[in-house]
Amino acid sequence: MLGLGIDEADEDEDVQIEINEVPFVAEKDFLTKHGKDFSLTFSDKKEVVLTALAA
């Protein structure tokens with residue numbers, strides 16, 4: 001799971017990362033599967049699009 005950095009992190013299972021200077025909290029298993037490099041953009045409908053760049 002990946003959530004905004006305002007979410008409360010579980011110290012044993014979560015890591016805080018920054019994507020385009022926006023803090024996120026991610027489960028260690030999620031980062032192992034999807035990597036730590038992401039692109040943060042907006043769609044035409046102004047929805048947030050988070051894309052893993054490497055796995």
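Because only heavy atoms are used, hydrogens play no part in the values below, and waters and symmetry mates are left out as well, while side chains stay in.
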Discussion item. For the CG atom of Asp14 and the CG atom of Asp29, what is their distance to the nearest 0.5 Å?
Written reply: 10.0 Å
Item to complete: Could you check Leu31 against Phe38 for side chain to side chain contact (heavy atoms under 4.5 Å, CB included), going step by step and ending with a plain yes or no?
Response: CA-CA 10 Å; Leu31 296 176; Phe38 295 89; 4.2 Å; yes
Practice prompt. Not counting sequence neighbours, which residues clear side chain to side chain contact (heavy atoms under 4.5 Å, CB included) with Lys46? List them please.
Written response: none
Discussion item. Rounded to the nearest 0.5 Å, what separates atom OG in Ser39 from atom CD1 in Ile19?
Written reply: 9.0 Å
Worksheet item: Could you walk me through whether Phe42 and Val48 pass the side chain to side chain contact (heavy atoms under 4.5 Å, CB included) check?
Response: CA-CA 5 Å; Phe42 296 94; Val48 175; 3.6 Å; yes
Worksheet entry | For Glu21, side chain to side chain contact (heavy atoms under 4.5 Å, CB included) partners two or more places apart | Glu18
Item to complete: Could you pull out the closest heavy-atom pair between Val15 and Lys28, with the gap in Å?
Response: CG2-CG, 3.6 Å
Fill in: Shortest non-hydrogen contact between Leu50 and Leu40, atoms and distance
CD1-CD1, 3.9 Å
